[in-house]
Amino acid sequence: MFGGLNKSDYQDCEGNDRKEYGLPYGQDRLIEALAAANKNMVYVNILGNGVAMPWIKKVPAVVQGWFIGSEAGNALADVLWLT
């Protein structure tokens with residue numbers, strides 16, 4: 001699953017501090033549900049700062065994707081699928 005923050009106010013933007021460290025839009029609940037359904041799930045974290053991960057022991061792998069530009073999808077696909 002790809003998730004994280006966006007550039008909305010109070011998320012990963014300049015001008016406003018974050019109000020909480022949880023992921024927005026119910027992502028924590030979604031990650032827990034997906035991890036329960038698939039023990040091989042990988043979470044790809046797209047953001048530029050810290051975030052709480054209350055589900056970390058239920059997910060076998062987390063990849064930090066940052067905000068890496070227009071070729072991010074290709075680069076992350078190479079990391080995740082090429083051996």
Side-chain angles (χ1 to χ4, degrees):
M1 175 191 159
F2 282 74
L5 302 175
N6 60 39
K7 295 294 184 179
S8 296
D9 284 343
Y10 305 107
Q11 285 191 38
D12 207 350
C13 68
E14 294 183 24
N16 292 301
D17 291 334
R18 299 215 6 234
K19 292 182 177 181
E20 58 186 41
Y21 286 104
L23 291 168
Y25 312 119
Q27 291 179 76
D28 288 325
R29 290 189 311 273
L30 177 60
I31 293 165
E32 290 208 24
L34 290 172
N38 181 356
K39 299 298 180 194
N40 295 316
M41 188 190 105
V42 175
Y43 174 69
V44 181
N45 203 28
I46 306 294
L47 49 76
N49 59 52
V51 67
M53 296 182 185
W55 37 261
I56 192 71
K57 293 186 180 187
K58 299 175 184 174
V59 176
V62 175
V63 174
Q64 179 61 43
W66 302 103
F67 292 121
I68 55 178
S70 60
E71 286 296 311
N74 290 323
L76 289 167
D78 286 348
V79 167
L80 295 170
W81 281 282
L82 295 179
T83 55

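Keep in mind that this is a model prediction, so the values were computed, not measured.
Contact annotation: the side chain of Trp55 never approaches that of Leu34 to less than 4.5 Å [non-hydrogen atoms, C-beta and beyond]. Between Val59 and Met1 the shortest side-chain heavy-atom distance does not fall below 4.5 Å.
Leu80 meets the side chain to side chain contact (heavy atoms under 4.5 Å, CB included) test with Phe2, Val42, Val44, Val63; sequence neighbours excluded.
Judged purely by atom type and a 3.5 angstrom limit, Glu32 has no side-chain atom pairing as donor or acceptor with the backbone of Arg29.
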Exercise answer: donor-acceptor pairs, residues 67-77 side-chain atoms, under 3.5 Å, sequence neighbours excluded:
residue	atom	partner	partner atom	Å
Glu71	OE1	Asn74	ND2	2.5

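Here the closest non-hydrogen pair linking Asp28 and Pro54 is OD1-CD, 4.0 Å. Heavy atoms only, all atoms of each residue included: Pro24 and Gly4 are closest at CD-O, 3.8 Å. Minimum heavy-atom separation, Gln64 to Leu47: NE2-O, 3.3 Å. The minimum heavy-atom distance between Ala35 and Lys58, with the atom names listed, is CB-O, 3.5 Å.
Applying the ring pair (Phe, Tyr, Trp, His ring centres under 6.0 Å) test to every pair with at least one member in residues 11-33, sequence neighbours left out, gives no pairs at all.
Note that CG of Leu23 is 5.0 Å distant from CD1 of Ile31, once rounded to the nearest 0.5 Å.
Two different hydrophobic clusters hold Ile46 and Val79 under the rule that ILVMFWY side chains link at heavy-atom gaps under 4.5 Å.
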